[in-house]
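Letters A, B, ... are given to chains in the order of the sequence lines, protein chains preceding strands, and every chain is numbered from 1. Every value quoted in this text rests on a predicted model; they were computed, and no experiment measured them.
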Number of protein chains: 2
Amino acid sequence: MATANVRDVAALAGVSVGTVSNVLNQSKPVAPDTAKRVLDAIDKLGFIRNDAARQLRVGQSRTVGIMVLDVSNPFFTDIARGVEDTLTTFNRSLILGNSGESASRELSYLDLFEEQRVAGLLITPVGNVLTRLERLRERGSPVVLVDRHENARSFSSVSVDDYRGGQIAAEHLLEVGRTRIAFVGGPRAVLQVAQRSGGAQDAIREHGAVPLRILELDSMRADAGRVGAEQLLALPPAERPDAVFAANDLIALGVLQALTHAGARVPDDIAIIGYDDIYFAANAAIPISSIRQPAWEMGRTATELLMAEIDAPRSTDFRHVVFQPELIVRESTSRP
Amino acid sequence: MATANVRDVAALAGVSVGTVSNVLNQSKPVAPDTAKRVLDAIDKLGFIRNDAARQLRVGQSRTVGIMVLDVSNPFFTDIARGVEDTLTTFNRSLILGNSGESASRELSYLDLFEEQRVAGLLITPVGNVLTRLERLRERGSPVVLVDRHENARSFSSVSVDDYRGGQIAAEHLLEVGRTRIAFVGGPRAVLQVAQRSGGAQDAIREHGAVPLRILELDSMRADAGRVGAEQLLALPPAERPDAVFAANDLIALGVLQALTHAGARVPDDIAIIGYDDIYFAANAAIPISSIRQPAWEMGRTATELLMAEIDAPRSTDFRHVVFQPELIVRESTSRP
DNA sequence: GGCCATCGGTAAAACGATTCAATACACGAC
DNA sequence: GTCGTGTATTGAATCGTTTTACCGATGGCC
């Protein structure tokens with residue numbers, strides 16, 4: 001019933017506990033036949049190392065924490081998968097927290113991570129937690145910011161060039177001959193939204209006569225897309241846009257639904273391009289063009305930055321990896 | 001740099017470490033002003049309890065493990081959210097593992113959970129791990145099965161009546177006047193698929209003349225749906241079904257895409273009903289009818305069963321909660 | 001006044017791994 | 001025969017909590 005411990009293993013193998021530990025961690029050479037006796041004993045007893053004891057002694061855990069904004073958004077689960085896959089190659093594990101954009105949940109997860117003495121933390125912060133994160137780092141848990149680099153030069157980070165992504169999207173719409181473009185976005189306070197629309201605006205401005213209508217909505221989900229599309233459909237025909245750039249793919253899906261419902265043809269009447277390139281954009285009824293963010297690779301890179309800081313603590317050169325977005329063309333923006 | 005510990009707190013507050021512990025855990029009454037001195041000291045030092053030490057002493061962690069089949073399937077993240085929300089009310093936290101349907105990943109996560117001495121485990125098993133789970137339970141970590149109750153009467157479980165779900169879906173298609181129905185499913189080896197199609201088959205058989213065509217595909221994702229739909233479209237018009245029952249919503253989305261691409265009208269030419277009722281079914285270009293599984297509630301109930309077992313260990317009455325699926329009617333199956 | 005509870009609090013003994021200084025042993029070299 | 005060198009192993013100390021046995025003081029009761 002009570003789980004076997006190193007002492008039991010040592011007794012059965014006829015060695016000391018130190019030797020068992022050496023076998024377990026390969027920290028010192030152990031004679032082959034001794035090692036075999038120990039391994040046999042471990043096997044016979046079904047011994048499983050007590051990680052709490054190990055952690056207490058070593059002072060740090062082997063798990064890494066990640067805090068995401070929204071587990072139900074595939075973009076974030078893709079990042080998490082990249083992190084998880086990479087961590088397993090480092091022989092470490094992951095504990096996942098979901099802030100759900102709530103600052104108080106974020107704080108309670110930070111407490112948890114700190115109690116656990118996580119080896120490191122990947123976070124897309126929602127509240128104002130920078131000083132808290134600095135404390136975490138001072139206490140031995142390095143932190144890497146994911147997709148939020150804003151004026152936080154004192155942490156390593158990975159992000160995507162959202163301004164450029166906005167440019168690319170707008171340029172693509174112009175290239176396929178669209179002349180009246182609308183940006184349907186979430187709250188302007190979200191940095192990503194502001195930069196994507198800014199990039200689109202600048203790209204369009206270079207082309208002179210084409211107007212850009214910007215719709216600001218209060219969410220980044222499909223319902224916002226539906227509301228936005230309905231507003232556009234209500235415009236007099238002359239002002240009605242012939243292309244929509246959605247701030248993310250969830251919104252784009254909402255737009256597509258509302259347009260389909262109203263009988264507008266996509267892309268003939270109105271083209272749609274989204275952002276993130278989630279699975280459900282590629283598999284929509286009309287496959288939706290999108291600006292791809294390399295979510296899995298972002299997860300991997302963030303993890304590698306974190307591992308580097310874990311291995312070289314108190315280093316002060318923070319790296320900021322900026323990924324380039326990529327245009328994925330699908331039917332929703334094909335030439336009429 | 002080194003984080004403060006109970007001894008430091010005790011020294012600053014002028015009490016013994018035992019008292020600090022009592023304040024922390026409210027295990028024994030502490031005089032109000034003593035408690036205040038302790039809390040002040042904790043605050044001043046920025047003390048955060050070392051969970052590894054606590055765990056070592058208590059013998060068990062305060063976190064619960066959950067192992068899901070596929071984090072990129074919204075159905076499972078919805079379950080996980082239900083679990084997470086419920087656990088926070090019990091003041092416990094969650095460590096999430098993603099087996100990705102791989103038996104070897106599942107095993108390595110089981111190792112992790114056992115090293116961590118998790119308080120309990122929620123799992124949708126993929127490999128043959130029942131004896132391993134029994135060991136886990138014997139060592140103090142109760143286990144509850146999620147969505148896989150198959151001949152495992154020796155564990156509590158939550159699941160959904162898939163046979164009934166299949167019936168409901170087929171009955172609905174008949175009710176809206178469909179006469180040639182196809183079931184597009186994943187591998188028959190997946191129990192859920194077999195039961196859903198079985199339920200549909202029996203419901204249809206009761207209605208005499210209506211045939212049911214069953215397509216077995218090798219995945220449960222959108223690509224399988226596309227392939228299935230193309231096979232159906234290739235049939236001679238007289239044999240072509242006028243309704244598709246997809247084994248899950250991902251497949252339904254693929255079907256919708258292929259039909260749209262081929263110019264078939266949904267629901268006029270072909271109706272579609274899916275299974276799971278994920279977010280992306282409701283927000284598809286043509287909102288897709290679905291058989292809802294109460295994912296969040298399943299997560300909550302599984303957690304409650306687990307907590308009950310944690311509080312009353314070595315109990316042997318295992319409960320099996322079977323949820324009833326619910327028909328959600330949307331445009332994809334409205335009457336022509 | 002003697003006895004017993006009750007209340008607040010203390011000190012020390014766990015928990016189970018890792019680590020480090022110490023030692024044992026073998027083997028050559030001189 | 002001694003010294004040195006290297007390898008293998010030992011055993012005790014340690015990490016930071018919780019818990020248990022115990023203690024002194026206070027007050028109620030007969």
Sugar-phosphate only, base, or nothing, as touched by A/V30 at under 4.0 Å among non-hydrogen atoms: sugar-phosphate
Sugar-phosphate only, base, or nothing, as touched by A/V20 at under 4.0 Å among non-hydrogen atoms: nothing
Closest-nucleotide 5' rank along DNA chain C - winner of A/S27 and B/S16: B/S16
Answer yes or no: does a side-chain N or O of [X] lie under 4.0 Å from OP1 or OP2 of [N]?
X     : N      : value
A/N22 : D/dA8  : no
A/R49 : C/dT18 : yes
B/N25 : D/dT18 : yes
B/T19 : C/dT10 : yes

Residue A/T34, side-chain atoms from C-beta onward, closest of C/dG16, D/dT9, C/dG8: D/dT9
Per A/V17 side chain, nearest of listed nucleotides D/dT17, C/dT18, C/dG9: C/dT18
hbond_proxy A/R57 side chain to C/dT18 base (donor-acceptor, 3.5 Å cutoff): yes
Between [N] ([atom2]) and [X] ([atom1]): distance, integer Å:
X      : N      : atom1 : atom2 : answer
B/I48  : D/dG16 : CD1   : P     : 15 Å
A/R117 : D/dG16 : CZ    : P     : 9 Å
B/F47  : D/dT17 : CZ    : C1'   : 8 Å
B/Q60  : C/dG16 : CD    : C1'   : 16 Å
A/L56  : C/dG16 : CG    : P     : 12 Å
B/Q116 : C/dG16 : CD    : C1'   : 15 Å
A/N5   : C/dG16 : CG    : P     : 5 Å
A/R7   : D/dA12 : CZ    : C1'   : 11 Å

Any A/I123 side-chain heavy atom under 4.5 Å of A/L145 side chain: yes
N/O contacts under 3.5 Å, protein versus nucleotides 21-28 of chain C?
unit_1	atom_1	unit_2	atom_2	d
C/dA21	N6	A/K28	NZ	3.1

Sidechain N-carboxylate O distance under 4.0 Å for B/D85, B/R81: no
Minimum heavy-atom distance between A/A302 and A/V146, given as atom pair plus value: CB-CG2, 4.1 Å
Residue closer to the 5' end of DNA chain D, A/G18 versus A/P29 (nearest nucleotide): A/P29
Heavy-atom neighbours of B/D311 CG exceed 12 at 6.0 Å: yes
Exceeds 12 heavy-atom contacts within 6.0 angstrom, atom CG of A/D33: yes
Results of salt bridge (Lys or Arg N to Asp or Glu O under 4.0 Å) for B/K28 - residues two or more places apart only: none
Sequence neighbours excluded, every pair satisfying side-chain hydrogen bond (donor to acceptor under 3.5 Å, both in side chains) that has a member inside residues 112-122 of chain A: A/E114-A/R132, A/E114-A/R135, A/E114-A/R139, A/E115-B/R49
Test item: B/Q293 side-chain N/O and B/M298 main-chain N/O as donor-acceptor pair under 3.5 Å: no
